[in-house]
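What follows is one structure encoded as structure tokens, with my remarks underneath.
Because the structure is a prediction, the values reported are computed rather than measured. Throughout, protein chains are lettered first and strands after them, A, B, ... in sequence-line order, and every chain is numbered starting at 1. Every heavy atom of this structure was used, including side-chain atoms; hydrogens, water molecules and symmetry mates were not.
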Amino acid sequence: MPRISTLRTSGSGSNTWWTTSFLRSFSAESVQFDPMSNGTQEEQVQDEGELVAARRAKLAWLRDELGVEPFGRHVEGLTSLADARARFDEAADVAHEASVAARKEDESAPLVDDRPSARVAGRIVQHRDCGKLVFMVLRDDTGDLQVSISKADMAPEQFKVAKKLDYGDIVVASGPVGRTRRGEICVWASELEIHCKSLAPPPGKHHGLSDPEARYRRRYVDMYANPETIRTIKARSRIVSRIRTFMEGRDYLEVETPMMQPMAGGAAARPFVTHHNALDLDLFMRIAPELYLKRLLVGGLPRVYEINRNFRNEGIDRSHNPEFTSMEVYEAFGNYETIMELTESLIHELAVAMREDLLALEPERDLGTAEEPILPYGDLRINYGRPFRRVRYHDLFEAALGFPASDIERVRAAARELGRDDIDELDDALVVNLVFEERAEPTIDPAEPTFVLDYPSAISPLTRPHRDDPSIAERVDIFIGGMEIGPAYTELNDPDIQLSKFTEQLRGVDDEESTFRSLDEEFLDALRVGMPPAGGLGLGIDRIVILLTDSASIRDVILFPLMRPVDAVDEADG
RNA sequence: GAUUCCGUAGCUCAGUUGGCAGAGCAAGCGACUUUUAAUCGCUAGGUCCUGGGUUCGAGCCCCAGCGGAAUCACCA
């Protein structure tokens, strides 16, 4: 027999008829004892602890004793909790209170009740049973609202239900919007129905769910336990929507290109491999849409963008998830200057809108001005005022190191100071960039969005060299809050140079890399057909959202970040 | 992949030198017609992440594993 011995059926004087009734219902309905059953089924039942058993017992009680079906149906005329709260009418509430007081003196006095009413739905996050009064707090995606119930105002059966509801249950309540004596705006419910009985033990009432692992694995619990989670989800959705509106306003066409590609191109990253059965063909989850978007420029679309997922088979940390969302943009006859202007305008506009969203919630916050929004990010206050800082790669290098990048002896000396022992084997350009990343990048003020432009050509193999100085590339990277948000380029459209750069790139590839790097002949064919000169941009959408929502980790802005399955134990051993 | 830290009741967390497993909230029963983390009385609730080892004795010490977080590497 499954273990339900934690629930006593005798020996304790405190048990009443309905405890035992719960227990009978529980053992009769929920636990189907089968002498032939195997251990696994029994274990599943045993997993249900005391808290679940109590909830199942209430479920059975609702059905058997009250004839209430707690898994409800379609409901009409619902108002969000925020809207219901907004309906509150002070004068009507005062008049109602006065008439109730008058009737206590004189029973023939008329009852005045012009309070607006509302029908609301939500999940119970607090429940207080005070005898003939019950107070509960409902939560929906617009906020919290108290529902107050007086025994005198409700049918006896419904009041019984109201007293026995649990944290986590979903209910619908209807009645006038008023205040309690303590001034709390609430729905004074005359009707109350349970529409979903929550059978899982809820998270804590005070601290919510704070264990990060539990929050990511059980996001649906995190969402109702921690309202900021829904706030971030909504903010992300608004940000993406605003990006689309912005791009559409500038005549960019949104397109969708393959996410499963025969060749993983467009970036230097390790791909995931998958397989098409009917074609018996290995495919790569895309690491970038770039080479397909450029084909569209070849075909004649002047301005295209794509917002979608890339998949990169690499490490996971606060700013990296294996699948992440980026926006790539290509603009015929643009260059990295026009793309910088686009990027700056877009990010500025997003910050302006986010500032307004934040002020709508908290008008008193100091968030700069509409032209120069200042948004919090951790300990920083990032100023999104235009123009963003622009600094050339070599100038930033020299300012940080005290000597120019062309002084290669001093650069190599600085690199050795970083503790690298492979310096002598590296090309000059790679050593310069190493020192740049370690010493110059950290000097960028994280509170000031900054474009770093004119990277060395030698480390930018897919970028068009600068027309005045071929040793530098028309490439720009934007940094905000210490994160690289995305690079922009003047794209290469000379097919012969592109071929030689590809070939050169493939030469340095090791055995492991060669399994997923190959020469994309179709793309080269497209370039030979002819691509207009173009500016291109890759923008990390998750990172933009991290910044604008002041989130600590990419996992907070991705609904279901990748987690190792808990049960995948020892499978790989052998 | 490396290093460090973490894993104890449904949730949030204590746990002393290795000596009977603790609290608050949540849960069950009772009281309460204006609560606000309601209050008051009673009751129940544990695979101390898993598996080994040391020890008379392990939540605590050692080894291995699993999961998570941070930092690093890869990368965006």
Side-chain angles (χ1 to χ4, degrees), chain A residues 5-8 11-20 22-23 46-55 57-58 97 125-137 144 146-153 159 163-164 166-168 178-184 186 188 198 200-217 221 225 267-270 287-288 310 312-322 324-326 328 477-479 483-487 538-544 552-555 561 563-573:
Chain A
S5 57
T6 52
L7 292 161
R8 293 190 183 155
S12 166
S14 65
N15 283 324
T16 64
W17 67 270
W18 81 268
T19 312
T20 37
F22 277 16
L23 288 169
Q46 284 177 3
D47 279 345
E48 300 205 331
E50 184 188 16
L51 297 175
V52 175
R55 282 164 183 259
K58 283 187 186 175
E97 285 296 311
V125 293
Q126 285 183 55
H127 183 268
R128 292 185 281 276
D129 175 3
C130 302
K132 294 188 179 66
L133 286 168
V134 175
F135 302 96
M136 60 187 81
V137 176
D144 292 357
Q146 180 168 298
V147 169
S148 308
I149 299 159
S150 166
K151 187 179 184 187
D153 294 342
F159 190 71
K163 284 174 81 77
K164 291 298 169 197
D166 286 318
Y167 182 20
R179 263 198 217 275
T180 65
R181 263 176 219 166
R182 299 293 179 93
E184 183 80 27
C186 65
W188 278 105
S198 175
K205 180 166 71 177
H206 307 160
H207 304 96
L209 192 65
S210 62
D211 174 28
E213 183 173 359
R215 291 184 53 209
Y216 303 141
R217 286 193 196 280
V221 177
R270 310 167 114 68
I287 55 176
N310 292 329
R312 299 193 180 176
N313 208 337
E314 274 139 14
I316 298 176
D317 64 30
R318 259 178 23 197
S319 53
H320 296 82
N321 192 64
F324 64 99
T325 301
S326 75
E328 284 206 13
D477 243 317
I478 181 165
F479 293 85
M483 275 189 293
E484 194 181 354
I485 301 307
L539 209 55
I541 300 298
D542 308 286
R543 289 181 177 182
I544 299 269
S553 165
I554 196 169
R555 286 174 219 105
M563 301 291 278
R564 261 196 158 94
V566 176
D567 291 329
V569 186
D570 292 345
E571 298 279 337
D573 293 355

Length of the [atom1]-[atom2] vector between [X] and [N], whole Å:
{"X": "A/Trp188", "N": "B/rU36", "atom1": "CH2", "atom2": "P", "result": "13 Å"}
{"X": "A/Asp166", "N": "B/rC25", "atom1": "CG", "atom2": "C1'", "result": "15 Å"}
{"X": "A/Arg181", "N": "B/rU34", "atom1": "CZ", "atom2": "C1'", "result": "5 Å"}
{"X": "A/Asn313", "N": "B/rA76", "atom1": "CG", "atom2": "P", "result": "14 Å"}
{"X": "A/Glu314", "N": "B/rC72", "atom1": "CD", "atom2": "C1'", "result": "15 Å"}
{"X": "A/His127", "N": "B/rU39", "atom1": "NE2", "atom2": "P", "result": "15 Å"}
{"X": "A/Phe135", "N": "B/rU33", "atom1": "CZ", "atom2": "C1'", "result": "8 Å"}
{"X": "A/Met136", "N": "B/rA26", "atom1": "CE", "atom2": "P", "result": "15 Å"}

Discussion item. At 4.0 Å (heavy atoms only), tell me whether A/Gly540 reaches a base, stays on the sugar-phosphate, or touches nothing.
Written reply: nothing
Item to complete: Assign A/Arg217 to base, sugar-phosphate, or nothing according to its heavy-atom contacts below 4.0 angstrom with the strands shown.
Response: sugar-phosphate
Given [options], which nucleotide is nearest the side-chain atoms of [X]?
{"X": "A/Tyr216", "options": "B/rU33, B/rU36, B/rA69", "result": "B/rA69"}
{"X": "A/Arg555", "options": "B/rA27, B/rA76, B/rA70", "result": "B/rA70"}
{"X": "A/Asp317", "options": "B/rG68, B/rA73, B/rU33", "result": "B/rA73"}
{"X": "A/Glu484", "options": "B/rA69, B/rU36, B/rA76", "result": "B/rA76"}
{"X": "A/Asp129", "options": "B/rU36, B/rC32, B/rA76", "result": "B/rC32"}
{"X": "A/Glu213", "options": "B/rA70, B/rU34, B/rG67", "result": "B/rG67"}
{"X": "A/Lys164", "options": "B/rC32, B/rA69, B/rC29", "result": "B/rC29"}
{"X": "A/Met563", "options": "B/rA27, B/rG68, B/rA70", "result": "B/rG68"}
{"X": "A/Arg564", "options": "B/rU71, B/rG1, B/rG28", "result": "B/rG1"}

So, is [X] near the phosphate of [N], with a side-chain N or O under 4.0 Å from OP1 or OP2?
{"X": "A/Lys58", "N": "B/rA27", "value": "no"}
{"X": "A/Arg215", "N": "B/rG68", "value": "no"}
{"X": "A/Arg318", "N": "B/rU71", "value": "yes"}

Worksheet item: Rounded to the nearest 0.5 Å, what separation is found between the CD atom of A/Glu484 and the CZ atom of A/Arg543?
Response: 7.0 Å
Worksheet item: Can you tell me how far CD1 of A/Ile149 sits from NZ of A/Lys163, rounded to the nearest 0.5 angstrom?
Response: 10.5 Å
Roughly how many Å apart are [M] and [N], using the [atom1] atom of each and rounding to a whole number?
{"N": "B/rG24", "M": "B/rU43", "atom1": "P", "value": "13 Å"}
{"N": "B/rC61", "M": "B/rC29", "atom1": "C1'", "value": "44 Å"}
{"N": "B/rG45", "M": "B/rC62", "atom1": "C1'", "value": "33 Å"}
{"N": "B/rU8", "M": "B/rU3", "atom1": "C1'", "value": "26 Å"}
{"N": "B/rA58", "M": "B/rG19", "atom1": "C1'", "value": "10 Å"}
{"N": "B/rA14", "M": "B/rA23", "atom1": "C1'", "value": "7 Å"}
{"N": "B/rG57", "M": "B/rC74", "atom1": "C1'", "value": "48 Å"}
{"N": "B/rG59", "M": "B/rU17", "atom1": "C1'", "value": "15 Å"}

Discussion item. Going by salt bridge (Lys or Arg N to Asp or Glu O under 4.0 Å), name the residues that satisfy it together with A/Asp477, two or more places apart in sequence or in a different chain.
Written reply: A/Arg475
Give me the distances for all protein-to-nucleotides 8-12 of chain B N/O pairs that come in under 3.5 Å?
{"residue": "B/rG10", "atom": "O2'", "partner": "A/Pro202", "partner atom": "O", "Å": "3.2"}
{"residue": "B/rC11", "atom": "O4'", "partner": "A/Gly204", "partner atom": "N", "Å": "3.4"}
{"residue": "B/rC11", "atom": "O2'", "partner": "A/Gly204", "partner atom": "N", "Å": "3.0"}
{"residue": "B/rC11", "atom": "O2'", "partner": "A/Gly208", "partner atom": "O", "Å": "2.7"}
{"residue": "B/rU12", "atom": "OP1", "partner": "A/Ser210", "partner atom": "N", "Å": "3.1"}
{"residue": "B/rU12", "atom": "OP1", "partner": "A/Asp211", "partner atom": "N", "Å": "3.0"}
{"residue": "B/rU12", "atom": "O3'", "partner": "A/Ser210", "partner atom": "OG", "Å": "3.4"}

Test item: [X] side-chain N/O and [Y] main-chain N/O as donor-acceptor pair under 3.5 Å:
{"X": "A/Asp317", "Y": "A/Ser319", "value": "yes"}
{"X": "A/Arg179", "Y": "A/Cys186", "value": "no"}
{"X": "A/Glu184", "Y": "A/Gln146", "value": "no"}

Item to complete: For A/Phe324 and B/rA76, say yes or no: do the ring centres fall under 5.5 Å of each other while the ring planes differ by less than 30°?
Response: yes
side-chain contact (heavy atoms from CB on, under 4.5 Å) partners of [X], counting only residues at least two apart:
{"X": "A/Thr325", "answer": "A/Arg236, A/Ile307, A/Arg309, A/Ile541, A/Asp542"}
{"X": "A/Leu133", "answer": "A/Cys130, A/Phe135, A/Ser150, A/Trp188"}
{"X": "A/Ala214", "answer": "A/Leu209, A/Asp211"}
{"X": "A/Pro322", "answer": "A/Phe272, A/Ile316, A/Leu562"}

Item to complete: Would you state whether a donor and an acceptor, one from the side chain of A/Ser150 and one from the base of B/rU34, lie under 3.5 Å apart?
Response: no
